[in-house]
Amino acid sequence: PKEKLPANVIADFEKWVLMGAPDPRDGASAGPKKPDLAAAKNFWSFQPLRRVAPPSVINSPADMSRVHNPIDQFILAKLREKNLSFSNEADRVTLIRRVSFDLIGLPPSPEEVAEFLNDPSPLAYESLVERLLASPHYGERWGRHWLDVAGYADSEGAQNEDRVRPNMWRYRDYVVRAFNSDKPYDRFLHEQLAGDELEDYEHAPQITEDIYDNLVATGFLRTAPDRTFANITNFVPDRLEVIADEMQILGSAVLGLTLHCARCHTHKFDPIPQRDYYRLAASLKDALDEHDWLGPEVRQLNFVTTKERQAWESHEREITNQVTPLKMQVEAEKDEAAKKTLQERIKKLEAGRRPEPKIRALWSRGDPSPTYLLQRGNYLTAGAEVGPGVLSVLTDGKTPHVVNRPREGAKTTGRRLALARWLTAPEHPLTARVIVNRIWKHHFGTGLVTTLANFGKTGAPPTHPELLDWLACELRDNGKSLKQLHRLIVTSRVYRQSSQVAPVVAKRDAKNIWLSHYSRRRLEAEAIRDCILSVSGKLDPA
C-alpha cells in the first residue's frame, strides 16, 4: 500500500502469518495439515512396548529339538501359518564361520575349527559364542556398525579441502570400548548425548578414565560434516546446516524417524509438528547454538585423562630440557659451521614435539540464545519462540518435560541429559525397538523392520511385531545388555539353520521373509580385507 497500514492491521497480518497464512475463503492451510496426535498414537511404532508371551509351538517330542529359545517359538509359529518349518541345522564348519564373521568380523583359524569339530560337549557351540563375545575384536566389529549409523568419518567433508579431524579417533575408540565392556545401552546413549553433564569435570581433582569417556562420547554429536572452519562458510545458515545434520543423525540412529523432514514444515507423513523439531533443537542448543558458535578446530576440550596429560607434559619438558642448553650454545658459538650443526640438532628435537592432547567433544556453554520456529526453515523468518521439549506424539500430553541443572551452580543446563533420559525411559516405544532391529539386521541381513532408519508411516511394518517387542522388552528389562541380545539371537535355532533351500521352501518363502532358512549374504569390503590379511598372517590386530 502507498500509505502505511494502521498498527492493528499490521498486528493482524503478523498473527495471520504465524498461523501459517490460512486462506480465509476455504480454510486451506499454507502448509501440511496439523497432525491429529491422538489418532497418530495408534500407529504401531508409537504404541507402548508389549511383552507378549512366546506362542506355544511344542506339540511333539520332535519339536523340542526345533526350539532353542523363545525367538524360535515366535518364528516357528509364523512359519506354521505359512505351512513351513525350519530348515535343517547347518553343519559345524558353516556355523563357526558364520558366527565368527558375525561377532568379530574375522574367519576362524584352522585350529579353532578343528577344536570346535572335535568338542563333544553339548554346549560346544554356546562356549564358542562366549569366547567370541569376549574377544576384543567383538567391539571392533560391532562398534563399526554403530559408527556407520553415527556417520563417523576422520575428515570434515562438506568442502573441497576436506580437513582431517585430528582427535575424532578418540570417539571411535570409545565406541569400541563401550561394546567390549557391554556398556548398558541406556548409559551408552546418556554419555553420547550428555556426557559432559554427567560429571563435574571442570572441578574434578583428576580426570579419570570414566570422566574422559563421558567427554569423548559426546563426539556422537560432532560426526556431521562441519564446514564452518572457513570464514566464508561460518555464517548462521552454515551453522544451522550442521545442527540440522546432527538432528538427522539423532533421529535416524536412535529414534528411527525422519525428523529432518519437519525442519521447514510440519512432517507430511508422520505426526511431527514443526514446533517439535525446534523443541528438540532447543534441547541441544546449550551446546549447539548458532549464535554462540565454535568452529570445529576450536570446539575441542583439553580434559584428557590426567595420566595422558602428565605423560605429554613430561615428554614436552624433556625436549625443552634438551633444547634450552643447545640454544644457549648457539648464542655463544662463533664458528658458523658448528652453529649450523647445533641448529640442526635443535630442529630435529623440536620435530619430536607432539600436539597438545584434546578431545573433539560437545559441551554446555551455559544458557543459550532463544530458539524460534523458523518459517520454511529460514533463519530470516523466525516465528514463535519455543523451549526445549520432545515429540508430542510420544508423550501423554499431561506430564511436562522437566529440565533441571545436573547439580547446584552448574553451568550446564541439563537439557541434553533430560532428552537422553526421555529417550531411554522404560515406556519409550522407539529407542529399544530401533536398536534391536539394527542388531537383528546384521545377523540376518534384513531387519524385522526393513527400513532401519524409518519407523514412520512411509517405512515398512514389522514382519514379526510380537518378536520385535519381545526382544525390545528383553533389552529393556535385562540390564540393557547388547551382548545378551547377541546370545539370544545366535544361539537360536533360526540362526543356526542351513542356507540350503528345498524347492518347496523356495517357492513359498522366496525372499525368506518368514526365515524358513538362513539367507546367504555377501561379506562387506572391510571383512573381506581383514579376512585376506588374517589368513595370510599379515593382519595387524592393533
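Values below: every heavy atom of this structure, side chains too, minus hydrogens, waters and symmetry copies.
- In this structure, H145 has its ring center closer than 6.0 angstrom to the ring center of W142.
- A search for side chain to side chain donor-acceptor pair (under 3.5 Å) contacts involving K183 returns E191, not counting sequence neighbours.
- Counting only residues at least two apart or in different chains, salt bridge (charged side-chain N to carboxylate O under 4.0 Å, His left out) contacts with residues 86-108 comprise D102-R521.
- Pairs passing the salt bridge (charged side-chain N to carboxylate O under 4.0 Å, His left out) check and including a residue from residues 458-477, sequence neighbours excluded, read R51-E474, R51-D477, R433-D469.
- At a threshold of 4.0 Å, the pair E112-R131 counts as salt-bridged, since one of the basic side-chain nitrogens sits closer than that to a carboxylate oxygen.
- E524 meets the side chain to side chain donor-acceptor pair (under 3.5 Å) test with R141; sequence neighbours excluded.
- Scored by the side chain to side chain donor-acceptor pair (under 3.5 Å) test, D200 finds H203 as partners (sequence neighbours excluded).
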Test log, rule ring pair (Phe, Tyr, Trp, His ring centres under 6.0 Å), inputs W422 and H401: CA-CA 9 Å; W422 172 76; H401 179 66; 7.2 Å; no
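- We find that K285 and E246 are not joined by a salt bridge, their nearest charged nitrogen and carboxylate oxygen being 4.0 Å or further apart.
- Proximity of the aromatic rings of Y212 and Y174 is defined here by a centroid distance below 6.0 angstrom, and this criterion is not met.
- I435 places a side-chain heavy atom less than 4.5 Å from the side chain of W146.
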Report all side-chain donor-acceptor pairs from residues 251-262 shorter than 3.5 Å, counting only partners two or more places apart or in another chain.
residue : atom : partner : partner atom : Å
S252    : OG   : Q248    : O            : 3.1
S252    : OG   : I249    : O            : 3.4
T258    : OG1  : H267    : NE2          : 2.8

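- Checking Q274 against T266 by side-chain atom types alone, no donor-acceptor pair falls below 3.5 Å.
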